Amino acid sequence: QVETLKAKLLEQAQEISRLRSELGGTDAEKHRDLLAAENERLRQEMKACEGELRELQRQQQAPCRDCPHLQENAGLQEQLSQLQREAEETRAKVVELNLEVQQKTNRLAEVELRLKDSLAERAEEEERLSRRLRDSQETIASLKSQPQQIKYIIKTVEVESAKAKQALCETQSRNQYLQEQVGMQKQVLKEMEQQLQRSQKTEAQLRAQIMMYEAELERAHGQMLEEMQAMEEEKNRAIEEAFSRAQVEMKAVHENLAGVRTNLLTLQPALRTLTHDYNSLKRQVRDFPQLLQETLRSARAEISQAIEEVHSTNRELLRKYRRELQLRKKCHNELVRLKGNIRVFGRVRPITKEDGEGPEAANAVTFDADDDAVLYLLHKGKQVSFELDKVFPPQASQEEVGATIQTAGMRRRGSHLLLTLPCFSQVFQEVQALVTSCIDGYNVCIFAYGQTGAGKTYTMEGTAANPGINQRALQLLFSEVRGKAADWDYTITVSAAEIYNEALRDLLGKEPQEKLEIKLCPDGSGQLYVPGLTEFRVQSVEDIKKVFEFGHIKRVTECTNLNEHSSRSHALLIVTVRGLDRSTGLRTTGKLNLVDLAGSERVGRSGAEGSRLREAQHINKSLSALGDVIYALRSRQGHVPFRNSKLTYLLQDSLSGDSKTLMMVQVSPAEKNTSETLCSLKFAERVRSVELGPVSRKAELGSWPSQEHLEVLKTLLGDSPGSTVPGRGHASPSPGQLSSRSASIRRKLQTSG
Ligand code: ADP
Ligand code: MG
């Protein structure tokens, strides 16, 4: 704002100077203006000369030595230097002139001052002159009045003496002089009047000029004042705006401040509590190590006491567990013993496509709705009933097997679910009991007996999607072993062998054709072993599957017709379970023998010859040897003829002593197979009855002469096909009688076990 005011003042000064020049500047000013114009002209000229010089220099830079312009150039340069000199002089002159201008401006100011002074002087002079004029007028007036006196005096003189005349002369000269004086005075007065008039005129002029100046100045002043006022207003407005803005900002700041203050106010108590907390925490931290030590000490004491208690409880529990284990084993053995060490089940397969159609494929087997241990066979128009430990009808599925095994596991943990399960599933309860025995260190044999095509392989091996006893038993074995892993270390190994034509061969070995021998252990323990029989250690069902696949591949590659071959040979899967109780150091070894026997059908004596006859003879021999062994065991004979066949010899330690045996007798329900079915069932019943050892059962079945059993077995094993089978009313017992008998046996079993 000050700057704009200054600019405006400058403008006003310029305006004044313009007005002044309009009024007519002084000579010096005019001279200065002329000089300034001259100066400007010279400056223009110099600029033009400089431009020319530049042009010349540019031309000079061009390579032209003998150029005709050189001289011209030199001349021009001289001219240029001349001009430069002139310019320099002019510049000096300009400086001088500037100085002169300055001086003249100063002088102008002085002149103005003097003008003012002279105006004052003139006023005084006017005053003085008017005074003198008044005086002169008065004098003139007085002088005018005087001549009459003088005339009078003259008259008087003319009358009187020469002296008077002289005095008159003198008076006349004096009058002359005075008249001259008056004329002079009049002249002076006239001049004075003229001068006064001029002065008055000048004064009027000056006055008008001054008034004009004053008006101008006043106007400028007013304008300036207006502008200043406008500026003031603007300034005030700006100040107000700034003030209001500042006020708003201030207000906001105040609000903020108030917020901050309230925050501070709220924070203060929080800070106080924090400080308090911090102090208490500090105290706690200071006290913490000590507290921790104390707590640790007491915790240690508590823990050691608890450990001590747990130790003693553990010791007590271990003691109880061992006692219970012994008791369980004893009970289990007792139960198995009461049930009989040899259990016989019958399984009837469904009618299949292979059985063909028509009357030959008709179903000849029926079941007792009330008794799951009895089945009826319609043979040659007669219905013959058989009682086994358990009979499985065709609809008994493999799936039920798995379910039964799992449920059996639950039963041992206290559930009674099994009691409500379908009757078919009980076969696997038996399998489960046998697997448990095997883990406890007993030897177990599970046989599948029956004519070819009756379902032995199906029951033992099953199909990939529907596995049989072998896999499910092993699965249970693994899960049992896992369950006991906390206390026991178990090693499970698997061997697979085949007995064909009384030759024992290793199915997992490198040389399957090699015939293996069964030998007595050299340690004198009486145990048997097979040197060179491959054993695979297995840890899961997957391992077992691999072993089975391997064995199958061997059998397939070795034989041209696997089905034919398999029905002519016994296939054995020998699972050995070795256990170590980590707490007692007790070691157990149990063997699970899973045997898929050769087909039990009798080969037509007339048609068979060569290798077929030899096969048949070998099979008959081994199966009758099995019958003999079981008979000898049952009748507690001193000599058991294990060595009569490779099969019984190999299984010697798994058939004698505390060993347990399960015989699964497979039968076909087709009409065309009834005679073979009859033989199989008779064998099963004989085996079962022979085995029943306990006194109570023995008493009930005591009417069976042992010699008769032998006869029956021999008949069954193929010596006299078609001969009638003596026995407990097998020819004609009524189903009712059978049911009551089996029920009485079961009752006894239940009460004793
Ligand atoms: P084996 O081994 O006694 O000669 P297989 O086990 O080979 O007899 O069985 C002969 C046929 O009967 C096979 O095709 C088998 O699938 C079928 N089979 C056997 N038992 C059953 C069953 N319980 N349910 C369904 N099919 C069966
Ligand atoms: Mg088979």
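Values below: every heavy atom of this structure, side chains too, minus hydrogens, waters and symmetry copies. Only a predicted model underlies this, so the values are computations on that prediction, with no experimental measurement involved. First listed ligand is number 1; within each ligand, the first listed atom is number 1.
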**Request:** Measure the shortest side-chain to side-chain distance between Glu615 and Asn620 over non-hydrogen atoms and say whether it is less than 4.5 angstrom.
**Result:** no
**Asked** What pairs with Asn593 under side-chain hydrogen bond (donor to acceptor under 3.5 Å, both in side chains), at least two apart in sequence or on another chain?
**Response** Ser654
**Prompt:** Has ligand 1 got any nitrogen or oxygen that is less than 3.5 angstrom from a nitrogen or oxygen of Pro350?
**Reply:** no
**Request:** Determine the sole option in Thr677, Thr459, Thr452 for which the side-chain hydrogen bond (donor to acceptor under 3.5 Å, both in side chains) test with Gln666 is passed.
**Result:** Thr459
**Request:** Check whether any heavy atom of Gly450 sits under 4.0 Å from an atom of ligand 1.
**Result:** no
**Request:** Could you tell me which non-hydrogen atom of Thr589 sits nearest to which non-hydrogen atom of Asn443, and how far apart they are?
**Result:** O-OD1, 4.3 Å
**Request:** Have a look at Ser600, Gly455, Gly468 and point out the one with the heavy atom closest to atom 19 (C) of ligand 1.
**Result:** Gly455
**Request:** Locate the shortest heavy-atom distance separating Gln451 from Glu601; write the atom from each residue and the value.
**Result:** CA-OE1, 3.2 Å
**Prompt:** For atom 7 (O) of ligand 1, which candidate among Thr457, Thr463, Asp596 provides the closest heavy atom?
**Reply:** Thr457
**Item:** Atoms in ligand 1 flagged as close to Thr452, the criterion being non-hydrogen separation under 4.0 Å
**Value:** 4 (O)
**Asked** When you measure from atom 12 (O) of ligand 1 to each heavy atom in Arg349, Met460, Glu461, Lys456, which option holds the nearest one?
**Response** Arg349
**Asked** Is Gln451 in contact with ligand 1, taking contact as a heavy-atom separation below 4.0 Å?
**Response** yes
**Message:** Within 2.8 Å of the Mg ion (ligand 2), is there any N, O or S atom belonging to Thr457?
**Reply:** yes
**Asked** Where do Pro531 and Glu517 come nearest, in terms of heavy atoms and distance?
**Response** CD-O, 3.2 Å
